[in-house]
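Each chain gets a letter, A, B and so on, in the order the sequences are listed, and its residues count up from 1. For clarity, every value in this text was computed on a predicted model and none was experimentally measured.
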Amino acid sequence: MSNTLLQVIVSGLLLGAVYALFSSGLTLIWGMMNVVNFAHGEFVMLAMYVAFMVYTSLGLGPAASVPIAAMALAAVGMASYFLLVRHIMKGPMLAQILGTFGLSLFLRYSAFWWFGSDFRTLPDTLVGSPFQFAGLRLDAPRLLAGVVALFVTLGLHLILTRTSLGSRMLAVSEDATAAQLMGIRPERMQAAAWGLAAGATGIAGALIATFFYTSPTVGETLAIVAFVTVSLGGFGSVPGALVAGLLIGLVESVSAYKLGPVYKDVVVYSLFVLVLWCRPQGLMGKM
Amino acid sequence: MQHRFFWIAVGVLALAYPILTMPFPVYQRLGALVLLAAIGASAWNVVGGYAGQVSVGHAIFFGIGAYSAVLGYHYLGLPPILGVPLGMIVCIAIAAVIGVPTLKLSGHYFSMATIAVAELVRVLVPTFDSLGGAQGLSGPTLPRTVLDLSFTSAMPYYYLFLTVLVAILFVTWRIENSRMGFYLRAIKDSERAARSLGVEAGRYKLYAYMLSAAMTAMAGGLYLTMIGFVDPESGFGILISVKMLIMAALGGAGVLFGPLVGALILVPLEEISNSLLGGKGAGITYVVYGAIIIIIARFLPNGLLALLKPTQVKPADAPNGSPVGAGEKHAA
């Protein structure tokens, strides 16, 4: 295997880990509540601006911005749940799309109005400079993002499967009435799920900001990647999102290298269509 | 009697609007744009509203309609309007091909699959130089004959769009009161129940999808005759699909005049941002736009026109936030 191809594969996997991280929030909400959050990309965008503000006002890097963004976004997520999602969940599916899409426009253009339309970037040296390892050139921000993404996705999975909170959340998602009879408050669990999902999204956004431009419309681009990842991995499956994210990152990098950058999106979207037509439950999901 | 006067008044106002606004070309243009948006949203309404199959990928048909109109001009020198029937035929065929695998999915899965197909087309189009690549294609810059429908005033477009909208609403109204209309509503309420009563759900969903595709292609073709330019983003962008959905849902999905009401509210709001405020102001208008959508979704999940309906018997409220079958549940 040529060294260039190896380099392409490694950067693809690192990118894929970040895809997995910012998609796990979407898949969690979908699986728990059967709601598709069309404002998911805007959550990532807000977290990126938080990271930017942490840098401009405090001069600090991801060590500070990741926890701050996680907490800020968890608050945004829970606020969205209590003010909007809780009510539209009971309505027709169209009202859910309408509501979360309205939220996405609201957040996107609030950011536009507040921060302006300029693309902003954090300084390259904030995390560290690129270095050589075993003949591969690695970007420090991307490496950090990839590694943290793996740990957070794993952590999210463990919370859902190994803790009492996770069991209670799953109980509510399976049968809210039965869970209520067992003394679990569905609304509290659903709010917790929104907090958890949005918090993970916050971590993702703060990390992405270290190597990607930040702008009010960045969420639109990222949301579609998240939809592809979630469909491929299976709606509601966090491990599925991890596998799918890595796979998409890999497919994207390799096809950009082999076929040219113009065709990388064509390959990724073809995969999206084929999976939905042939295996709508995704790689690891349940229908 | 009151009803009849109301409709006559609406009809007269719709016909007289461009004459009343003669001194203000901006308002004439606005009227034409509202009608154009209403055509697209009404086309979406056939499958998204009546049949309850929430497509978020109708831009594919809009884009094909617009591209057929411009390609006929570009390669054969035809007036763009002659490309519209061609686009409609192509869209019916494509809807049949996409519809068969996609309509097997339900709820969110169907919506996601429609997004997937539309996005695939959006990224494919720029790779073809014969389709104008990423730059897009322009229609005739100067009118050669009157058939080019290239006017400086928006008035002719207004009447053209009004005629098409009335035709589309008439067809929709006929369907609403036909056997097919009842089948579609039955499918929307519960596909399984409809099937068990002998409704061939798959076939009727496909018919609705194909009809809706043809009408959407018409909207795309008309868009091109008025604007005279299309590129992959303005033809196939996800925002095109979402706007059709939002307008129909805001006014009332599955209600004849729902999409028109939605267009009457949202298009002026959008145009104010473009023409009056511009620059930074555009942000604020879309913040308001988003807020209006959120408020409607929160308080009137069945759209504005639900306000006019006599009070319905509410189905017993599901236990607090029960997600079971939330995707299938549709208010009557």
Side-chain angles (χ1 to χ4, degrees), chain A residues 30 32-36 38 83-84 86-114 116-117 172-173 175-177 180 186-187 190 216 220 224 227-228 230-231 235 262-263 265-266 269-270 272-273 275-278 280, chain B residues 48-49 52 54 56 101-102 104-105 107-109 111-113 115-117 119-120 122-124 126-127 238-239 242 245-246 248-250 253 280 282-287 289-302 317-331:
Chain A
W30 191 327
M32 290 269 313
M33 274 162 270
N34 205 8
V35 170
V36 179
F38 277 85
L83 296 175
L84 177 68
R86 186 164 61 118
H87 307 283
I88 59 176
M89 271 174 72
K90 298 169 200 157
M93 183 186 139
L94 203 52
Q96 297 172 11
I97 298 183
L98 198 64
T100 55
F101 196 81
L103 181 63
S104 116
L105 283 180
F106 181 79
L107 295 177
R108 185 186 306 165
Y109 287 96
S110 300
F112 183 90
W113 173 63
W114 190 256
S117 59
V172 170
S173 94
D175 189 337
T177 318
Q180 206 163 13
E187 290 213 335
Q190 286 171 342
E220 208 179 343
I224 298 202
F227 286 150
V228 183
V230 169
S231 319
F235 304 100
V262 189
Y263 292 98
D265 287 340
V266 175
Y269 289 124
S270 307
F272 190 13
V273 172
V275 169
L276 280 164
W277 279 353
C278 307
Chain B
V54 181
V56 196
T102 310
K104 281 187 191 142
L105 305 169
H108 294 306
Y109 292 87
S111 304
M112 277 296 132
I115 293 182
V117 178
E119 283 293 298
L120 177 60
R122 182 182 65 86
V123 298
L124 264 177
T127 65
I238 190 170
L239 211 57
V242 170
L245 178 154
I246 286 183
L250 192 78
K280 270 220 146 185
I284 301 176
T285 333
Y286 274 107
V287 173
Y289 190 107
I292 291 178
I293 296 172
I294 294 175
I295 290 167
I296 300 277
R298 160 77 177 79
F299 294 101
L300 287 168
N302 293 315
D317 259 3
N320 230 351
S322 159
V324 183
E328 298 164 8
K329 221 182 294 162
H330 288 287

(message) How long is the straight-line distance from CG of Leu245(B) back to CG of Leu94(A), given to the nearest 0.5 Å?
(response)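 Output value for this atom pair is 5.0 Å.
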
(message) Given 3.5 Å as the limit, does a donor-acceptor pair link the side chain of Ser173(A) with the main chain of Met33(A), or not?
(response)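 Judged by distance alone, no pair lies under 3.5 Å.
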
(request) Identify which of Ala291(B), Pro101(B), Pro301(B), Ala248(B) forms the greatest number of heavy-atom pairs closer than 4.5 Å to chain A. (result)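 The option with the most such pairs is Pro101(B).
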
(request) For chain A, find which of Val123(B), Val242(B), Ile292(B) contributes the most heavy-atom pairs closer than 4.5 angstrom. (result)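 The answer is Val123(B).
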
(message) Run the ring pair (Phe, Tyr, Trp, His ring centres under 6.0 Å) test against Phe38(A) and tell me which residues pass, sequence neighbours left out.
(response)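 Ring pair (Phe, Tyr, Trp, His ring centres under 6.0 Å) check on Phe38(A) returns Phe227(A).
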
(request) Of all the heavy-atom pairs spanning Ala95(A) and Ala297(B), show the shortest one and how long it is. (result)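 Smallest interatomic distance, heavy atoms only, reads O-CB, 3.5 Å.
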
(request) Check whether Ile295(B) gets within reach of chain A through its side chain, its backbone, both or neither, counting any heavy atom under 4.5 Å. (result)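 Neither part; nothing is under 4.5 Å.
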
(request) Measure distances from Leu300(B) to the heavy atoms of chain A and classify the residue's part below 4.5 Å as side chain, backbone, both or neither. (result)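 Neither part.
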
(message) Does anything in residues 99-110 of chain A form a salt bridge (Lys or Arg N to Asp or Glu O under 4.0 Å)? List the pairs, not counting sequence neighbours.
(response)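 Only Glu42(A)-Arg108(A), Arg108(A)-Glu220(A) qualify under salt bridge (Lys or Arg N to Asp or Glu O under 4.0 Å).
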
(request) Measure Leu83(A) against the heavy atoms of chain B and call it side chain, backbone, both or neither at under 4.5 Å. (result)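 Only the backbone of Leu83(A) comes within 4.5 Å of chain B.
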
(request) Considering only heavy atoms and a distance below 4.5 Å, find which of Leu103(A), Leu105(A), Leu276(A) pairs most often with chain B. (result)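 Most heavy-atom pairs under 4.5 Å with chain B: Leu276(A).
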
